[in-house]
Amino acid sequence: MDSKQIINYRQFAWLTAALLSGGSLISIQQVLVRIGYSDAWSAYMLPVLYVIGVAALFTMLVKRFPNKHLFEINKIVFGSVIGTIINLILLFHLWLILTRDLSTFGKFIGITLLPNTPGEMILLLFVVLLIVYGKTSVEVLARVNDLLFPLFVLIIVLTPLALANEMDIRLMQPVLTRPWSSIFSINVLSLGWFGDIFVMGAFLHTLWGPRQVGSAIRHGVLMAACMLFDFIVLEILVLGPTIPGNMVYPNYSLIQQIHITDFLDRLDLLVLVICFPVTACGVLLVYLAFQMGMASLVNQRDYSKLNTPVALLLLLTTVLAFKSTTEVFSFVNYSSTVITLSYQPLLFILLGLLSLRHPIDQNHKKGQNDNTKDNSTTKPAAPPKPASPLQRSPQKSWERWTYILLAISLGALIIGLWKSNSSASVGFICGSMYALCSILLIFTSYMEIHSLNKR
């Protein structure tokens, strides 16, 4: 296996979106609607802010430790012994994520598609898929995700049009009238799922340049949040604010409501054919990160020799982890938040503070300049023009707009929760502004990474 793996910023962003949106589409939204009722769509504000903070941390780490991934950086920053202990904690979390996702997808397939197939056989087939991709690298997975993710986004964009005749705007009203405690609770629950963002730290060495890391993660998380926001809104508009909270898989039930003439009344199967591989890419990404962490324990990057034993151990522990379907759903819906908040914020704060002792790698900057010179002609370059303090790089400008729109979204949410009980129109306006900013954030974050590609 080639230890030098390279993917571009777009692939990194799309993998981030697949990681954060895949599992949440299957299970957690049931609980969010049950607690948040018609305001469950506001469950992703705090998680987005958290991931953007992690993106800033990863950007700082790449500046100081180029060509290193998170497991290697932990050993450098905390020392060999403490760094290994921290890596073991991260590996335990990765193992819990894999157990959670494998159990979730196994139950989903067993309940909706293959009710007569033993659950162990379904898990075995999924583990075989892990073994196949475990012999490859993240480059292969990124290419596969490149083929599937655009179709996944297209389906999400077209779903509101396909369900237009089933919607009732009155089911969303009144807007932002739930108690502050309910909104905070659903944001904390979602934060547990978005805490999976540390998985991308295992692939920091695959991108060239710290700006690409931060921009790609921002674009990925904003895409994931907007897609999840879209599905929750559609659930409420079509099924109402009560029914989805009592369904096992409200998103699947939502897709089943699509009826385009009498000949196209089973589009849910077509949607699953496209959506399930994207969610599988998220699980495969976690598995590759898990193998990367295992290899780092012996200071290696070649994890191919660990592939089959690790996958079989994962199969065994997943089969023995839960006694019933109820235990699976309880673990999936509520454990992620407890696990994430128990160590991750403190770890990232310490990692950021201790990494300040290490200077920014000047050779990395020099290498970027050398690459620019190699692409130029032999003709001497003209002396650089003095930069005006009013001039700003396109990437910085779009990044600033991203932060402005985030601030507007947060402000609209706070004002709506504060004033909507006394004025329903204020809640509706604030909710509409939040939705508009969610769409514009995808555009500004895309332009941010697109401007990097032109430099």
Side-chain angles (χ1 to χ4, degrees), residues 3-7 9 12 16 48-94 138 191 194-218 220-221 289-290 292-301 303 339-372 393 395-396 399-400 402-403 448 452:
S3 61
K4 185 64 174 179
Q5 303 172 19
I6 300 296
I7 60 177
Y9 66 90
F12 198 89
T16 302
V48 167
L49 296 177
Y50 176 77
V51 174
I52 288 179
V54 175
L57 171 65
F58 285 171
T59 300
M60 183 177 65
L61 294 178
V62 173
K63 289 180 180 179
R64 288 168 167 78
F65 311 100
N67 303 320
K68 300 290 184 181
H69 55 69
L70 182 60
F71 298 103
E72 295 170 338
I73 294 173
N74 284 334
K75 286 188 175 182
I76 296 174
V77 173
F78 294 102
S80 179
V81 177
I82 299 179
T84 300
I85 295 174
I86 292 174
N87 286 342
L88 288 173
I89 295 174
L90 295 178
L91 285 172
F92 180 68
H93 191 183
L94 288 171
V138 70
L191 177 61
F194 276 56
D196 294 356
I197 189 61
F198 82 97
V199 172
M200 301 308 297
F203 308 102
L204 294 179
H205 61 291
T206 62
L207 279 179
W208 180 261
R211 291 182 179 178
Q212 289 184 344
V213 174
S215 299
I217 292 179
R218 278 192 294 271
V221 68
F290 184 73
M292 188 78 71
M294 293 288 290
S296 71
L297 296 178
V298 291
N299 299 321
Q300 297 289 332
R301 284 191 179 179
Y303 48 75
I339 297 169
T340 298
L341 296 181
S342 63
Y343 80 95
Q344 204 172 101
L346 177 61
L347 171 61
F348 285 159
I349 291 173
L350 291 176
L351 184 60
L353 293 177
L354 294 178
S355 65
L356 295 176
R357 300 180 302 176
H358 299 264
I360 296 177
D361 190 273
Q362 299 299 327
N363 293 328
H364 187 55
K365 285 187 174 182
K366 184 177 182 298
Q368 289 180 315
N369 295 332
D370 292 341
N371 289 337
T372 304
S393 67
Q395 187 267 342
K396 286 293 184 182
E399 182 181 352
R400 181 176 60 177
T402 299
Y403 289 131
E448 182 182 339
L452 283 174

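All residue numbers refer to positions in the sequence shown, counting from 1.
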Spatial distance of atom [atom1] ([X]) from atom [atom2] ([Y]) [nearest 0.5 Å]:
{"X": "T59", "Y": "R218", "atom1": "OG1", "atom2": "CZ", "value": "6.0 Å"}
{"X": "F58", "Y": "F198", "atom1": "CZ", "atom2": "CZ", "value": "9.0 Å"}
{"X": "N74", "Y": "S80", "atom1": "CG", "atom2": "OG", "value": "11.5 Å"}
{"X": "I197", "Y": "I217", "atom1": "CD1", "atom2": "CD1", "value": "5.0 Å"}
{"X": "K68", "Y": "L61", "atom1": "NZ", "atom2": "CG", "value": "13.5 Å"}

For this session: State whether the number of non-hydrogen atoms from other residues, nucleotides or ligands found under 6.0 Å of I89 atom CD1 is greater than 12.
Result: yes
Quick one: closest heavy-atom pair of [X] and [Y], and the distance?
{"X": "S296", "Y": "N87", "answer": "OG-ND2, 4.3 Å"}
{"X": "P359", "Y": "R64", "answer": "O-CG, 3.7 Å"}
{"X": "A202", "Y": "A289", "answer": "CB-CB, 3.7 Å"}
{"X": "A295", "Y": "Y303", "answer": "CB-CB, 4.1 Å"}
{"X": "A216", "Y": "Y9", "answer": "CB-O, 3.5 Å"}
{"X": "L57", "Y": "G352", "answer": "CD1-CA, 3.6 Å"}

Exercise. Under 3.5 Å, is there a donor-acceptor pair between the side chain of E448 and the main chain of T402?
Worked result: no
Problem set entry | Under 3.5 Å donor-acceptor, S215 side chain and Q212 backbone | no
Exercise. Any idea how H69 and F71 line up, ring-wise: parallel (<30°), tilted (30 to 60°), or perpendicular (>60°)?
Worked result: perpendicular
For this session: Specify whether H93 and Y343 have parallel, tilted or perpendicular ring planes, treating 30° as the upper limit for parallel and 60° as the lower limit for perpendicular.
Result: perpendicular
Sub-4.5 Å side-chain heavy-atom contact between [X] and [Y]:
{"X": "M200", "Y": "F12", "value": "yes"}
{"X": "L351", "Y": "I86", "value": "no"}
{"X": "V62", "Y": "L207", "value": "no"}
{"X": "V54", "Y": "V221", "value": "no"}
{"X": "L90", "Y": "L347", "value": "yes"}
{"X": "Y403", "Y": "I52", "value": "yes"}

For this session: Any salt bridge (charged side-chain N to carboxylate O under 4.0 Å, His left out) involving residues 71-90? Give me the pairs, sequence neighbours left out, ordered by first then second residue.
Result: E72-R301
Problem set entry | Partner set under side chain to side chain contact (heavy atoms under 4.5 Å, CB included) for L354, not counting sequence neighbours | V77, F78, R357
